[in-house]
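What follows is a single structure, written as structure tokens, with notes after it.
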Amino acid sequence: MADVFDVIVMGAGPVGENVVDRAVRGGLSVAVIEAELAGGECSYWACVPSKALLRPVDLAGEVERAPGLTVGPIDVPAVLARRDWAVNDYSDNGQARWLESLPSTYIRGRARLAGERKVDVGGRVLTARHAVVVATGSLAAIPPIPGLAESKPWTNREATGVKKVPGRLIVLGGGVVACEMSQALHALGATETTMVVRGHRVLERCDGFAATMVADALVARGIDIRFGTQIERVERTGGEVVAHLSDGTTLTADEILVAAGRTIGADIGLETVGLPDARPIEVDDSMRSVAHDWLYAVGDANGRALLTHMGKYQARLCGDVIAARANRRPDDLPSMRDQGDHYGPPQVIFTDPQVATVGLTEQVARERGLNVRSVEYDMSGITGAYLSAENYIGRAKAVVDEDRKVLVGMTFVGPAVADMLHSATIAITAEVPLDKLWHAVPSFPTVSEVWLRLMEAYGL
């Protein structure tokens with residue numbers, strides 16, 4: 001019975017790791033399978049390395065806004081070396097040892113479902129007594145543009161793992177990865193960076209003012225944004241990439257970065273249990289599949305929120321609920337049901353300026369039928385803001401449910417606003433009434449005083 005476990009986890013990224021940790025804490029035996037590196041996409045090719053590349057850009061912006069200080073040229077080799085340090089030189093030895101120490105059984109290989117409660121790893125079939133958890137993440141999507149795949153485009157992996165920064169770069173897309181990596185690589189040496197954006201704004205899921213402020217900042221730094229344009233054909237000739245655009249023009253660059261979304265759940269054996277391939281697995285709020293009582297999906301695999309922190313949150317409650325069900329303990333505690341995704345997940349976009357948002361945008365709130373009122377405030381008028389930076393540019397917007405008098409959405413845009421977000425996340429998740437929130441006094445002089453100004457703008 002060596003290949004029988006209480007729980008089998010497919011994927012050892014940060015999401016899968018959290019399932020393993022919580023299930024083991026609950027007294028269950030767990031096998032976790034990973035085809036690449038323990039720690040997953042976020043640790044080696046996304047969140048961690050991208051922020052290591054963006055941090056010098058962020059600091060340079062802060063120094064530029066501080067009278068009496070000057071910014072020298074960025075030491076690109078030093079930045080890339082620190083990126084390599086941040087990803088442990090692409091070695092997962094430490095993560096693998098941690099998984100084994102829990103203890104769990106860590107298996108390297110590609111996992112595929114092979115029927116009810118079964119997972120195949122290179123011909124070795126494992127069986128789960130209680131649950132199989134899909135935590136396989138997602139992959140960068142390559143649109144079916146003629147010649148694009150053949151041109152060997154970059155995805156987030158090549159961008160965050162860059163060894164030599166190209167002087168000329170085309171970026172396909174206007175989302176988070178496109179904005180962050182355009183800014184990072186442009187600052188590190190891609191002096192001719194052009195973003196090709198199909199729509200008429202970047203960051204389509206953010207509030208409009210946030211998208212405009214980020215786009216303005218990108219353009220001010222010298223990045224060319226082609227809105228309302230599509231790439232119709234791509235060809236690589238020698239060391240150059242040529243993109244033919246829908247407006248009849250062409251772009252020539254050293255590399256093309258595709259940042260056009262993610263694909264989910266491909267080739268993991270879903271068809272063996274009657275589920276569609278390459279589609280998110282529909283789950284209930286305990287992360288259990290609506291189709292099978294033994295199958296669970298967390299993180300990108302269920303499509304609820306393609307954010308690492310939300311996947312880890314789902315994983316913690318998933319591991320706990322599996323352990324409770326296996327041990328016939330109560331499985332319906334509040335901590336065992338997903339609530340965070342329903343409020344609107346928090347997210348930070350680490351451009352300069354940063355965008356920190358949580359909850360619902362005004363548009364989405366109205367689409368859901370909520371009676372909302374929004375208030376905005378120019379953060380440059382706050383003492384803590386103009387003391388922190390010359391020509392401070394920032395804005396905050398609160399979305400209030402008028403019927404319940406609680407916040408349902410908050411967006412901050414400005415330098416270093418990321419660490420302001422958790423206060424808004426607490427206010428929205430805990431549904432703190434505005435007349436109670438009014439008594440949460442911000443310290444002076446800090447940028448957090450924007451909370452007071454928003455309450456005043458609302459009328460409290």
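In what follows, residues are counted from 1 in the order of the sequence shown. FYI, side chains are in, hydrogens and waters are out, and symmetry mates aren't considered; it's all heavy atoms of this structure.
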Report yes or no: does [X] contribute a side-chain atom to a donor-acceptor pair with the main-chain N or O of [Y] at less than 3.5 Å?
X: Tyr313; Y: Gly340; value: yes
X: Asp92; Y: Ala38; value: yes
X: Asp207; Y: Ala210; value: no
X: Arg373; Y: Val375; value: no
X: Asp285; Y: Arg337; value: no
X: Asp284; Y: Met287; value: yes
X: Ser50; Y: Thr160; value: no
X: Gln230; Y: Arg198; value: no
X: Asp89; Y: Ser91; value: no
X: Arg83; Y: Val162; value: yes

Assess whether a salt bridge exists between [X] and [Y], defined as any Lys/Arg side-chain N lying under 4.0 Å from an Asp/Glu carboxylate O.
X: Glu17; Y: Lys312; value: no
X: Lys163; Y: Glu158; value: no
X: Arg316; Y: Asp320; value: no

Are [X] and [Y] side-chain neighbours, meaning at least one heavy-atom pair lies under 4.5 Å?
X: Thr411; Y: Phe209; value: yes
X: Pro345; Y: Arg304; value: no
X: Tyr377; Y: Ile382; value: yes
X: Val432; Y: Leu407; value: no
X: Val196; Y: Leu245; value: yes
X: Pro353; Y: Val417; value: no
X: Cys179; Y: Leu203; value: yes
X: Cys206; Y: Val214; value: no

What's the separation between atom [atom1] in [X] and atom [atom2] in [Y], rounded to the nearest 0.5 Å?
X: Asp401; Y: Ile428; atom1: CG; atom2: CD1; answer: 11.5 Å
X: His439; Y: Asp435; atom1: NE2; atom2: CG; answer: 7.0 Å
X: Ile256; Y: Ser151; atom1: CD1; atom2: OG; answer: 5.5 Å
X: Asn302; Y: Asp341; atom1: CG; atom2: CG; answer: 7.5 Å
X: Thr425; Y: His309; atom1: OG1; atom2: NE2; answer: 8.0 Å
X: Tyr90; Y: Tyr44; atom1: OH; atom2: OH; answer: 10.5 Å

Side chain to side chain contact (heavy atoms under 4.5 Å, CB included) for Val241 and Trp154? Distances and angles first, verdict last.
CA-CA 11 Å; Val241 175; Trp154 282 12; over 6 Å; no

Give a yes or no on whether [X] atom [atom1] has more than 12 heavy-atom contacts from other residues, nucleotides or ligands under 6.0 Å away.
X: Glu232; atom1: CD; result: yes
X: Arg110; atom1: CZ; result: no
X: Arg279; atom1: CZ; result: no
X: Asp216; atom1: CG; result: yes

Would you say Thr249 and Asp247 are linked by a side-chain donor-acceptor pair, where the criterion is simply a distance under 3.5 Å?
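Checked: Asp247/Thr249 side chains pair up, N/O donor to acceptor below 3.5 Å.
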
Can you confirm whether the side chains of Glu41 and Asn156 place a donor and an acceptor under 3.5 Å from each other?
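Yes, a side-chain donor-acceptor pair sits under 3.5 Å.
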
Name all pairs fulfilling the side chain to side chain donor-acceptor pair (under 3.5 Å) condition that reach into residues 168-194, sequence neighbours left out, sorted by first residue then second.
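Only Lys51-Glu180, Arg168-Glu240, Arg168-Asp254 qualify under side chain to side chain donor-acceptor pair (under 3.5 Å).
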
Side chain to side chain donor-acceptor pair (under 3.5 Å): pairs with one or both residues in residues 52-70, sequence neighbours excluded:
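Checked against side chain to side chain donor-acceptor pair (under 3.5 Å) - neighbours excluded - the pairs reaching residues 52-70 are Arg55-Asp58, Glu62-Arg65, Arg65-Asp352.
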
Contacts of type salt bridge (Lys or Arg N to Asp or Glu O under 4.0 Å), residue Arg395, not counting sequence neighbours
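With neighbours one apart ignored, the set is Glu376.
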
List the residues meeting salt bridge (Lys or Arg N to Asp or Glu O under 4.0 Å) with Glu34, not counting sequence neighbours, and say none if there are none.
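In terms of salt bridge (Lys or Arg N to Asp or Glu O under 4.0 Å), with neighbours along the sequence ignored, Glu34 is linked to no residue.
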
Considering all heavy atoms of both residues, which atom of [X] and which atom of [Y] are nearest to each other, and what is their separation?
X: Met181; Y: Leu53; answer: CE-CD1, 3.9 Å
X: Pro346; Y: Leu307; answer: O-CD1, 3.7 Å
X: Pro14; Y: Thr308; answer: CG-CG2, 3.8 Å
X: Ala215; Y: Phe227; answer: CB-CZ, 4.3 Å
X: Ala96; Y: Arg108; answer: CB-NH2, 3.9 Å
X: Val71; Y: Ala60; answer: CG2-O, 3.5 Å

Please tabulate, for the side chains in residues 359-367, all donor-acceptor contacts under 3.5 angstrom to protein atoms that are two or more places apart in sequence or on a different chain.
| residue | atom | partner | partner atom | Å |
| --- | --- | --- | --- | --- |
| Thr361 | OG1 | Val364 | N | 3.2 |
| Glu362 | OE1 | Ser374 | OG | 3.1 |
| Glu362 | OE1 | Lys397 | NZ | 2.9 |
| Glu362 | OE2 | Arg366 | NE | 3.3 |
| Glu362 | OE2 | Arg366 | NH2 | 3.0 |
| Gln363 | NE2 | Glu367 | OE2 | 3.1 |
| Arg366 | NH2 | Val372 | O | 3.2 |

Residues Val283, Gln314; criterion side chain to side chain contact (heavy atoms under 4.5 Å, CB included); working and verdict
CA-CA 11 Å; Val283 297; Gln314 295 171 5; over 6 Å; no

Only one of Leu275, Val15, Val298, Ile268 forms a side-chain contact (heavy atoms from CB on, under 4.5 Å) with Val134, so which one is it?
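With Val134 as partner, side-chain contact (heavy atoms from CB on, under 4.5 Å) holds for just one option, Ile268.
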
Taking distance alone, no hydrogens or angles, what donor-acceptor pairs closer than 3.5 Å link side-chain atoms of residues 449-460 to residues at least two apart or in another chain?
| residue | atom | partner | partner atom | Å |
| --- | --- | --- | --- | --- |
| Glu449 | OE2 | Arg453 | NH2 | 3.1 |
| Trp451 | NE1 | Ser423 | OG | 3.4 |
| Arg453 | NH1 | Glu456 | OE1 | 2.8 |
| Arg453 | NH1 | Glu456 | OE2 | 3.4 |
| Tyr458 | OH | Glu402 | OE1 | 2.4 |
| Tyr458 | OH | Lys405 | NZ | 2.9 |

Between Tyr296 and Val19, is the side chain to side chain contact (heavy atoms under 4.5 Å, CB included) condition met? List the steps.
CA-CA 10 Å; Tyr296 294 74; Val19 176; over 6 Å; no

Does Ile145 form a side chain to side chain contact (heavy atoms under 4.5 Å, CB included) with Leu172? I'd like the steps, not just the answer.
CA-CA 11 Å; Ile145 296 171; Leu172 172 58; 3.9 Å; yes

